[in-house]
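Below is one structure, written out as structure tokens; the observations come after it.
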There are 2 protein chains.
Amino acid sequence: MTKVIIDDVAAEAGVSIKTVSRVMNREPNVRPATRQKVEEAAKRLGYRPNASARGLAGNRSYLIALLYDSPSAAYLTNLQSGVLAATQAENYGMVLQPCQYDDPHLADKILTTIRDARLDGVVLTPPLSDHRGLIDSLVDAGIPHVIVSPPATYMETSGGLCVYVDDKAAAQEMTAYILGTGLTRIAFIKGTPTHGAALQRFDGYKDALKAAGLDLDPELVKQGYFDFESGVKAAEELLALPQPPSAIFASNDEMAAGVLHVAHERGLKVPDDVSVVGFDDTPLSRQIWPALTTVRQPIRQMGGCAARMLISRIRQSGDAASTALPYELVIRHSTGGPK
Amino acid sequence: MTKVIIDDVAAEAGVSIKTVSRVMNREPNVRPATRQKVEEAAKRLGYRPNASARGLAGNRSYLIALLYDSPSAAYLTNLQSGVLAATQAENYGMVLQPCQYDDPHLADKILTTIRDARLDGVVLTPPLSDHRGLIDSLVDAGIPHVIVSPPATYMETSGGLCVYVDDKAAAQEMTAYILGTGLTRIAFIKGTPTHGAALQRFDGYKDALKAAGLDLDPELVKQGYFDFESGVKAAEELLALPQPPSAIFASNDEMAAGVLHVAHERGLKVPDDVSVVGFDDTPLSRQIWPALTTVRQPIRQMGGCAARMLISRIRQSGDAASTALPYELVIRHSTGGPK
DNA sequence: CTGAAAGCGCTTACAG
DNA sequence: CTGAAAGCGCTTACAG
């Protein structure tokens with residue numbers, strides 16, 4: 001119960017406190033035998049480094065911030081939980097930083113916050129992942145950062161660290177699945193245009209049509225904004241067409257929920273009259289009726305991966321590289337064919 | 001850009017650093033004029049206290065922890081956002097602490113975490129709000145804490161700090177509303193039995209029936225556990241009854257979503273064949289079809305209130321008292337009557 | 001109501 | 001690969 005400090009561990013291991021410090025911070029240049037001796041002593045004593053002392057002496061916080069602007073609650077909590085777990089395993093802490101994408105001074109404010117709180121690095125999440133001004137400021141200021149679901153152009157033009165899912169391949173595969181159920185008149189509801197993933201999903205849809213030898217019918221493509229309301233609006237237009245689609249692929253679950261809403265109001269049976277597909281596999285997709293066919297992204301793992309990459313970059317361990325994580329098609333009851 | 005420290009503020013205000021410290025920590029015994037002088041100097045210089053230095057010198061973290069065990073994502077993010085805002089306004093920080101209700105060593109683990117991280121206090125959220133062992137440990141160890149939605153018995157028997165909504169009155173009012181639409185055969189799906197709010201909601205339902213001169217029909221009351229699945233199960237039993245209910249009041253939105261699911265599968269029209277009501281006003285309640293009539297709790301405000309009460313208790317400012325926040329009936333399309 | 005001194009437990013340079 | 005000294009920016013006692 002009585003608190004254990006670095007001197008205790010040093011005494012127990014028979015080394016100086018500086019060596020204990022090296023081990024706790026995973027610094028190189030410690031003999032394996034010494035490292036092990038220190039780790040055992042720390043464990044035996046139940047030593048936990050004092051975060052405040054570390055922060056004060058090192059002029060930094062050992063904290064990373066999760067930057068977000070009102071994503072869906074499910075997305076945020078999953079990502080958060082992944083970041084938190086990874087962060088604690090590395091003797092780091094996580095703080096939450098709500099942001100406003102539209103704030104013209106966003107980049108300045110964030111930089112100030114980072115300096116004031118001596119934050120070690122930040123994780124950017126959609127839609128902030130698309131905020132070029134913010135990203136550029138971070139790069140210019142030399143702030144370590146990792147981007148979750150970056151814009152397509154960013155991935156190609158920079159050496160920045162990113163975590164993502166191959167949205168294009170996922171959308172292509174899902175479109176192919178729908179085609180496989182015998183439906184060819186497939187509508188698509190696009191996501192927010194500035195969001196990289198939105199573009200990729202649309203590309204995947206187009207590629208699948210092309211691969212099947214089908215032409216893209218422009219009247220079957222509607223602009224949405226990743227929210228329920230825009231899904232409703234797009235669905236109303238689509239289902240009022242003289243020749244309505246036999247399937248609607250919405251770029252995310254919330255818009256798909258909007259589509260279901262409109263289908264129900266019009267007395268349409270899903271999937272008999274129209275198939276509906278989403279993207280994300282949020283809890284919502286299981287709770288609406290019928291349960292939604294969708295694409296699962298491993299959000300929690302993406303958070304963990306982002307945190308580990310960021311910390312490794314902060315420590316200059318230098319073996320961090322952008323990572324693509326696997327997606328998965330989840331076939332439920334809003335589409336025909338085998339479940 | 002160059003960092004401002006307490007000495008700079010002291011010099012600017014013409015006082016000692018100790019006085020600046022008093023002002024920043026809202027301590028008493030500072031002449032108003034002096035306080036103002038310091039506050040102006042701090043503002044002019046853009047002074048932000050160094051959290052690490054405060055923590056090290058004070059042997060505490062100026063951090064409060066939000067303790068939770070997998071509540072709904074919407075609930076967590078809302079509460080979190082309220083706590084975060086209040087906390088920052090008071091020069092405190094917030095950390096997240098996931099817990100496992102069923103862990104037999106939960107109380108010990110939490111106490112250890114609190115000591116290791118020198119946490120100043122904790123906010124308990126459902127279902128941890130009902131964990132007597134945890135609460136007792138916190139009380140015994142003298143750890144400042146605030147309970148969100150406490151068990152009914154706790155409120156009456158202890159001087160503990162709580163934030164809550166009058167669940168009983170809300171459920172009573174909602175039941176009365178359903179009765180007002182002309183329906184009398186109203187079923188009720190209870191929530192997790194150990195959860196105080198679950199009991200209160202059931203009490204409110206019973207009181208409303210009694211006030212209307214109606215007898216409680218035991219076969220119309222089902223046990224649920226605040227999750228989608230248990231809502232499905234309860235609804236299946238209810239709707240298979242020889243004389244099914246004309247309305248179903250689920251103790252939360254997720255269970256209500258389960259009820260809608262079953263109703264749709266059975267080809268029942270909502271609200272024509274059966275009215276459905278939830279509790280919480282999560283985003284889900286707007287995204288399912290038809291949009292759900294429910295009760296809104298001001299979750300975000302509850303978080304802010306809890307944080308302010310906790311910090312005031314930590315500072316021994318001593319004017320904190322348990323607080324009831326207002327609820328609101330949200331009438332949408334899953335019930336008959338005027339919208 | 002206000003202040004001068006000591007010290008919290010680490011990391012940073014620097015040395016070897 | 002390892003260590004001795006200094007100091008980070010606050011708060012805590014203690015004084016007056």
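Computation of the quantities below employed the complete heavy-atom set of this structure, encompassing side-chain atoms and omitting hydrogens, waters and symmetry-equivalent molecules. Lettering follows sequence order; numbering is per chain, from 1.
- Across all non-hydrogen atoms, the minimal contact from A:Ile110 to A:Gln97 is CD1-CG, 4.1 Å.
- Scanning DNA chain D 5' to 3' for nucleotides with an atom closer than 4.0 angstrom to a non-hydrogen atom of chain B gives a first and last hit of D:dG9 to D:dT12.
- One N or O on the side chain of B:Asp130 and one on the backbone of B:Gly196 form a donor-acceptor pair closer than 3.5 Å.
- Listed by residue number, B:Lys18, B:Thr19, B:Arg22 are the residues of residues 17-26 of chain B with a heavy-atom contact under 4.0 Å to DNA chain C.
- Closest heavy-atom contact between B:Leu67 and B:Cys99: CG-SG, 3.8 Å.
- Note on B:Asn59: nothing from the nucleic acid sits closer than 4.0 angstrom, heavy atoms only.
- Counting only heavy atoms from C-beta outward, the side chains of B:Arg315 and B:Asn25 never approach each other to under 4.5 Å.
- By the 4.0 Å N-to-carboxylate-O rule, A:Arg44 lies close enough to A:Glu12 to be salt-bridged with it.
- When heavy atoms are screened at a 4.0 angstrom cut-off, A:Ser52 is found touching no nucleic acid atom at all.
- What you find for A:Gly121 and A:Leu310 is that their closest heavy atoms are C-CD2, 3.8 Å.
- Considering every non-hydrogen atom in both B:Pro144 and B:Ile314, the closest pair reads CB-CG1, 3.9 Å.
- Every stem involving DNA chain D, taken as at least 3 paired positions in a row under the Watson-Crick or G-U wobble test at 3.5 Å, is listed here: C:1-3 with D:14-16, C:5-12 with D:5-12, C:14-16 with D:1-3.
- Within the model, atoms CZ of A:Arg54 and CG of A:Asn59 stand 14.0 Å from one another, a figure rounded to the nearest 0.5 Å.
- Within 4.0 Å of B:Ile5, counting heavy atoms only, lie sugar-phosphate atoms of the nucleic acid but no base atom.
- Comparing B:Gly14 and A:Ile6 by the nucleotide of DNA chain C whose heavy atom lies nearest to each, the residue mapping closer to the 5' end is B:Gly14.
- A pairwise comparison of heavy atoms in A:Ser129 and A:Ser149 identifies CB-O, 3.4 Å as the closest pair.
- A:Tyr47 contributes atom OH, which lies 8.5 Å from atom CD1 of A:Ile5 (distance to the nearest 0.5 angstrom).
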